[in-house]
*Asks:* 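To start, I am sharing the structure in question, which I have written as structure tokens.
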Amino acid sequence: MTDDSDDVRVFDGVRLERVREHVWEIPRDGEMGVPARVFASEQLLEQIADDKTLQQLRNATHLPGIVGRAICMPDGHQGYGFPVGGVGAMDAETGCISPGAIGYDINCGVRMMRTNLTYDDVVGREAELVDALFANVPSGLGGGGIVEGDRDTIEGVLARGIDWALEHGYAVEDDLAHCEDEGMRPDADPDAVSQKAKDRGKNQIGSLGSGNHFLEVQRVTDIYRPEVAAEFGLEPDQIVVLIHCGSRGLGHQVCSDYLRRIEQEHGDLLERLPDKELAAAPAGSELAEEYYGAMCAAINFAWVNRQLIMHRTRQVFERVFDRDWQAMEMELLYDVAHNIGKKEVHEVDVDADGRPASSGEAVAREQRELYVHRKGATRAFPAGRAEVPAAYRDVGQPIIIPGSMGAGSYVLRGGERSLSRSFGSTAHGAGRTMSRTQAKNEFWGETVQNELRDQEKIYVKAQSGATVAEEAPGVYKDVDEVVRVSDDLGIGDKVARTYPVCNIKG
DNA sequence: ATGTTC
């Protein structure tokens, strides 16, 4: 259903007004704390409107203490309570923290490692390389990781993140310097993580998992901003490795545990929300602090997970190419989360009493500490922001946007307008267009693999053919268009594009 | 995403 006007769209009762090219607003009404905005082209907006994403976005504006706007990125789709591709910032004093607005897979994210190999070094050896990676990097559902964790191991991983990996020889100092938050959230509270969550995680440290998680060897095909690409150490034909995974069963259990506790202990707040899946702990409550501490511990777990997989990948390349990883310059470019909640300071509208205000009552702008929820959204801080690591502070934070295994991926950098438009955030991937069930009806894993190999020279190896069918290139939105919107809005600027060579997955 | 169903 579409309104007559070019500048208004109505989907299933949700009305959006075009603010400018690629920006659509759901204006605030009586029930909403703030307006909501969707960043999308016409085509992507139609896809976003195809499920409950817009209703979920509007629902999110009811969360207590939400400031500015609720945002849906161009790759947005329906999630648990809150859209995947959603950003919501709640005041850290008067607002709330919502596990459903962070996601079950806490610190699901992506890291990219450079090499000094070129595509010519790998051509003809793809099958050997993909087999070696598949044999050495644990993947699939269930247990079995690179490290078998005893009690001290899991406690150290949760408390110290990549510092733990450094202490145990799985990382070098330079890895820490090229990771969001240097791979460690000091706010982590391992005591707030249940024994059940620890038990699920302890034999999964260093494992890819299943679903859309993967390890991919790629070649750089396009450079869009040569001066930034040079700072990132990227050039055409270079081989890079992309690792996409999260906190496995541990993060999932943390999310489940706290959703249940919030429902039990803050039923009053729950009753005022339009969807119980948005369950939130009030800022300042004991439970909000406990969840934040547990969530930060799960963040640390995921960083160690990706670090161990990268470490193992270096060892595999050493054997396959018969050189030290240092000689192949296998250095971490960056590791960035896309399911995460963090206390960050941003400029917001405040009323005469200095409290966060909606636009009507605002008298000033002020720096406030917020719980920034990014669920299927990537931090995209521009040059100059203190949290950007020293290596990139003058150019902006690297952003890694994985595409499907047939479409390649992008490296962006934090855009000048990300702080004013999206609390320093952009998209996180291509986003699905069909369910996993539908994908398995449309595609057959082995056929997908054969076509990718024979037509595109992409070598895929997976635990399960069903997973390949679920992740077939045809089930994803057009990642090129997602990135075009980000670049056009100035929230994440295109730097380089990569194309798959070898892919392993669950 | 996920010991693929609390």
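Chain A is the first sequence line, chain B the second, and so forth, proteins listed ahead of strands; every chain is numbered from 1. Computed from a prediction, not measured in an experiment: that's the story for all the values here.
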*Asks:* Please report, rounded to the nearest Å, how far the P atom of dT5(B) is from the OH atom of Tyr104(A).
*Replies:*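 Rounded to whole Å, this separation is 13 Å.
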*Asks:* Categorize Lys196(A) for me: base, sugar-phosphate, or nothing, with a 4.0 angstrom heavy-atom threshold over every strand shown.
*Replies:*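 The answer is base, as Lys196(A) lies within the cut-off (heavy atoms under 4.0 Å) of a base atom.
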*Asks:* I need the CZ-C1' distance between Arg261(A) and dC6(B), as an integer number of Å.
*Replies:*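 In whole Å, dC6(B) C1' and Arg261(A) CZ are 18 Å from each other.
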*Asks:* Once you round it to whole Å, what is the distance between P of dT2(B) and NE2 of His213(A)?
*Replies:*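 So the NE2-P distance, His213(A) to dT2(B), works out to 6 Å.
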*Asks:* How close or far is atom P of dT2(B) from atom CG of Asp105(A), stated in whole angstroms?
*Replies:*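 Taking CG of Asp105(A) and P of dT2(B), I get 6 Å after rounding.
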*Asks:* Less than 4.0 angstrom from a charged side-chain N to a carboxylate O is my criterion; do Asp175(A) and Arg314(A) meet it?
*Replies:*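 So Asp175(A) pairs with Arg314(A) through a salt bridge.
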*Asks:* Could you state the atom-to-atom distance from NZ of Lys440(A) to C1' of dT4(B) in whole Å?
*Replies:*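 Spelled out: NZ on Lys440(A) to C1' on dT4(B) is 8 Å.
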*Asks:* Touch check for Ser256(A), heavy atoms < 4.0 angstrom, all strands: base, sugar-phosphate only, or nothing?
*Replies:*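 No contact at all - Ser256(A) keeps every heavy atom at 4.0 Å or more from the nucleic acid.
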*Asks:* Provide, to the nearest angstrom, the distance between the OH atom belonging to Tyr80(A) and the C1' atom belonging to dT4(B).
*Replies:*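 The answer, rounded to whole Å, is 17 Å.
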*Asks:* What is the distance, rounded to the nearest whole Å, between atom CG of Asn339(A) and atom P of dT2(B)?
*Replies:*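 Checked: the CG to P distance equals 11 Å.
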*Asks:* Can you list every salt bridge (charged side-chain N to carboxylate O under 4.0 Å, His left out) pair that touches residues 459-475 of chain A, not counting sequence neighbours?
*Replies:*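 Listed by first then second residue: Asp131(A)-Lys461(A), Arg432(A)-Glu471(A), Arg436(A)-Glu470(A), Arg436(A)-Glu471(A), Lys440(A)-Glu470(A).
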*Asks:* Are His338(A) and His244(A) close enough that their ring centers fall under 6.0 Å?
*Replies:*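 Ring-ring flag for His338(A)/His244(A): true, centres closer than 6.0 Å.
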*Asks:* Applying side-chain hydrogen bond (donor to acceptor under 3.5 Å, both in side chains) as the test, list every pair that has at least one member in residues 78-92 of chain A; sequence neighbours left out.
*Replies:*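 Of all non-adjacent pairs touching residues 78-92 of chain A, those that pass side-chain hydrogen bond (donor to acceptor under 3.5 Å, both in side chains) are Asp91(A)-Thr94(A), Asp91(A)-Arg368(A).
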*Asks:* Identify whether any heavy atom of Gly211(A) sits under 4.0 Å from a base atom; if not, whether one sits that close to sugar-phosphate; answer base, sugar-phosphate or nothing.
*Replies:*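 Gly211(A): backbone/sugar contact only, no base atoms under 4.0 Å.
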*Asks:* Take the protein atom CD of Glu277(A) and the nucleotide atom C1' of dC6(B), then report the distance between them rounded to whole Å.
*Replies:*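 From Glu277(A) CD to dC6(B) C1': 14 Å.
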*Asks:* Heavy atoms only, 4.0 Å cut-off, all strands: where does Gln204(A) land among base, sugar-phosphate and nothing?
*Replies:*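 Result for Gln204(A) = sugar-phosphate.
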*Asks:* Respond yes when some side-chain nitrogen or oxygen of Arg260(A) is under 4.0 Å from OP1 or OP2 of dC6(B), and no when none is.
*Replies:*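 Indeed not, no polar side-chain atom of Arg260(A) lies that close.
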